Amino acid sequence: MLKPPAGTNAVVLVLHGGREHGQGPVRRHNLAYLRMVPLARALRAPGLEVWNLRYRVRGWNAPSLDPVKDAGWALGKIAELHPGKPVVLVGHSMGGRTALRVAGHPSVRAVCALAPWIVPGEPFAQLKGKSLLIAHGDQERTTDPAKSLWFAQQAKTVTSRVARFSVQGDGHAMLKRARDWTRLVVDFVHGELGLEPVAPDIANAMREASLRGLDVPLGGSRG
């Protein structure tokens, strides 16, 4: 948990990836957890508290859904410590799926799902009234960009604020264009919380009535 120097006005809950099955504990040196540490640091801002959740175990483990339980616990703790404060969820891979699953929590204002693991029939009604940004690399080999596009289309039926970006030239690890992934996430989170103006490319994608707003190529360096 990365605390700001002043009081807390909002919280970001960062959710790392994992495996379909796995009961082994998540250590601090696990790559899936470490991948989100620089992103969590980049999100810091005055009044914004960032929680980088580390799951108890590495697997999704249906029907137990262990990371969903852990994320639900964290949202409960956030609501207890900071009642009434908005929360933005940021998740990668299995963490993206987890973020989408717990988006119905009343504290959640927005969800950012990076290379999310989506399966047919994934629920989406819980996103009603929320803002959603999805980003997926066009060289993805681990999770399916076509399924995240399908999910964005479904989400668009319950909330108007949906955007999806295709990160050209990058894959699941988000390494080749790490700076652009990070800038996109920071722009979205800070914009949704009113810390900065909404970035023009995100605003334009959100306003797009057609499906073009759900398959936007991510531009070059975003600064």
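Below, all heavy atoms of this structure are taken into account, side chains as well, without hydrogens, waters or symmetry copies. From a predicted model like this one, the values you see are computed outputs, not experimental measurements.
- Using a 4.5 Å cut-off on side-chain heavy atoms (C-beta onward), His136 and Pro116 make contact.
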Query raised in the report: Taking it one step at a time, do Thr142 and Trp117 satisfy side chain to side chain contact (heavy atoms under 4.5 Å, CB included)?
Result: CA-CA 8 Å; Thr142 303; Trp117 172 34; over 6 Å; no

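- Leu65 has its side chain out of reach of Pro63: every pair of non-hydrogen atoms, C-beta onward, lies at least 4.5 Å apart.
- Glu20 pairs by the salt bridge (charged side-chain N to carboxylate O under 4.0 Å, His left out) definition with nothing, not counting sequence neighbours.
- Val102 is listed as a side-chain neighbour of Val68, based on a closest heavy-atom distance under 4.5 Å.
- Contact annotation: the side chain of Leu75 approaches that of Val87 to within less than 4.5 Å [non-hydrogen atoms, C-beta and beyond].
- Expressed to the nearest 0.5 Å, how far CZ of Arg54 lies from CG of Leu15 amounts to 14.0 Å.
- Under a 3.5 Å cut-off, the side chain of Gln126 and the backbone N or O of Leu100 do form a donor-acceptor pair.
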Report task. Applying side-chain hydrogen bond (donor to acceptor under 3.5 Å, both in side chains), run through Thr159 and Arg161 and close with a yes or a no. Result -> CA-CA 6 Å; Thr159 177; Arg161 292 188 54 76; over 6 Å; no

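- Every residue two or more places apart in sequence or in another chain was checked for a salt bridge (charged side-chain N to carboxylate O under 4.0 Å, His left out) with Glu140, and none qualifies.
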Query - Stepwise side-chain hydrogen bond (donor to acceptor under 3.5 Å, both in side chains) check, Asn204 with Arg207 - result: CA-CA 5 Å; Asn204 290 337; Arg207 285 195 297 264; 2.4 Å; yes

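- Under the 3.5 Å distance criterion, the side-chain polar atoms of Arg141 are matched with a main-chain donor or acceptor of Gln139.
- A donor-acceptor pair under 3.5 Å is formed between the side chain of Asp144 and the backbone N or O of Ala146.
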Query raised in the report: Are Leu13 and Val90 close enough, and set up right, to give a side chain to side chain contact (heavy atoms under 4.5 Å, CB included), and what steps lead you there?
Result: CA-CA 6 Å; Leu13 179 60; Val90 177; over 6 Å; no

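- Side-chain contact between Phe151 and Arg164: absent, with no pair of heavy atoms (C-beta onward) separated by less than 4.5 Å.
- Residue Ser166 holds its OG atom at 5.5 Å from CG of Asp215, rounded to the nearest 0.5 Å.
- Residue pairs meeting the salt bridge (Lys or Arg N to Asp or Glu O under 4.0 Å) criterion with at least one partner in residues 108-119, sequence neighbours excluded, do not occur; the list is empty.
- Screening Arg101, Arg58, Arg56, Lys77 for a salt bridge (Lys or Arg N to Asp or Glu O under 4.0 Å) with Asp70, the sole residue that qualifies is Arg56.
- Here the CG-OG distance, from Leu214 to Ser148, works out to 9.5 Å after rounding to the nearest 0.5 Å.
- Between the side chain of Ser210 and the main chain of Arg212, a donor-acceptor pair closer than 3.5 Å is present.
- Put simply, OG1 on Thr98 and CG on Leu89 are 10.0 Å apart, with the number rounded to the nearest 0.5 Å.
- In terms of modelled atom types and a separation under 3.5 Å, the side chain of Asp170 and the main chain of Val167 share no donor-acceptor contact.
- At least one donor-acceptor pair closer than 3.5 Å links the side chain of Asp138 to the backbone N or O of Gly169.
- Salt-bridge formation is not detected for the pair Glu122/Lys147: no Lys NZ or Arg NE/NH1/NH2 atom is positioned less than 4.0 Å from an Asp or Glu carboxylate oxygen.
- At a threshold of 4.5 Å between side-chain heavy atoms, the hydrophobic network of Ile, Leu, Val, Met, Phe, Trp and Tyr places Leu175 and Val14 in two separate groups.
- Under the 4.5 Å side-chain criterion, counting only non-hydrogen atoms from C-beta, Thr143 is not in contact with Ile118.
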Report task. Assess whether side chain to side chain contact (heavy atoms under 4.5 Å, CB included) is satisfied between Arg177 and Leu218, documenting all intermediate values. Result -> CA-CA 10 Å; Arg177 297 185 59 186; Leu218 186 66; 4.0 Å; yes

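- In summary, the side chains of His172 and Ser93 do present a donor paired with an acceptor at a separation below 3.5 Å, with no hydrogens or angles considered.
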Report task. Carefully, step by step, assess Val111 and Val88 under the rule side chain to side chain contact (heavy atoms under 4.5 Å, CB included). Result -> CA-CA 6 Å; Val111 179; Val88 178; over 6 Å; no

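- With sequence neighbours excluded, the residues forming a side-chain contact (heavy atoms from CB on, under 4.5 Å) with Gln23 are Val57, Asn61, Asp66, listed by chain and number.
- When side chains are defined from C-beta on, Thr157 counts as touching Phe124, because their heavy atoms get closer than 4.5 Å.
- With sequence neighbours excluded, the residues that form a side-chain contact (heavy atoms from CB on, under 4.5 Å) with Leu195 are Ala45, Leu48, His190, Leu193.
- Here the shortest heavy-atom pairing between Glu196 and Asp187 reads OE1-OD1, 4.0 Å.
- Seen from the ring of Trp60, Arg19 does not count as a face-on cation partner, given the 6.0 Å and 45° thresholds.
- Note: Leu53 CG to Met36 CE = 11.0 Å, rounded to the nearest 0.5 Å.
- Using the six-membered ring where Trp is involved, His16 and Tyr33 have ring planes that are perpendicular, over 60° apart on the 30 and 60° scheme.
- By the 4.5 Å heavy-atom criterion applied to side chains, Phe165 and Ile134 are not counted as neighbours.
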List the atom pairs, donor and acceptor, that lie under 3.5 Å between side-chain atoms in residues 78-86 and the rest of the protein, sequence neighbours left out.
residue, atom, partner, partner atom, Å
His82, NE2, Glu49, OE1, 3.3
His82, NE2, Glu49, OE2, 3.3

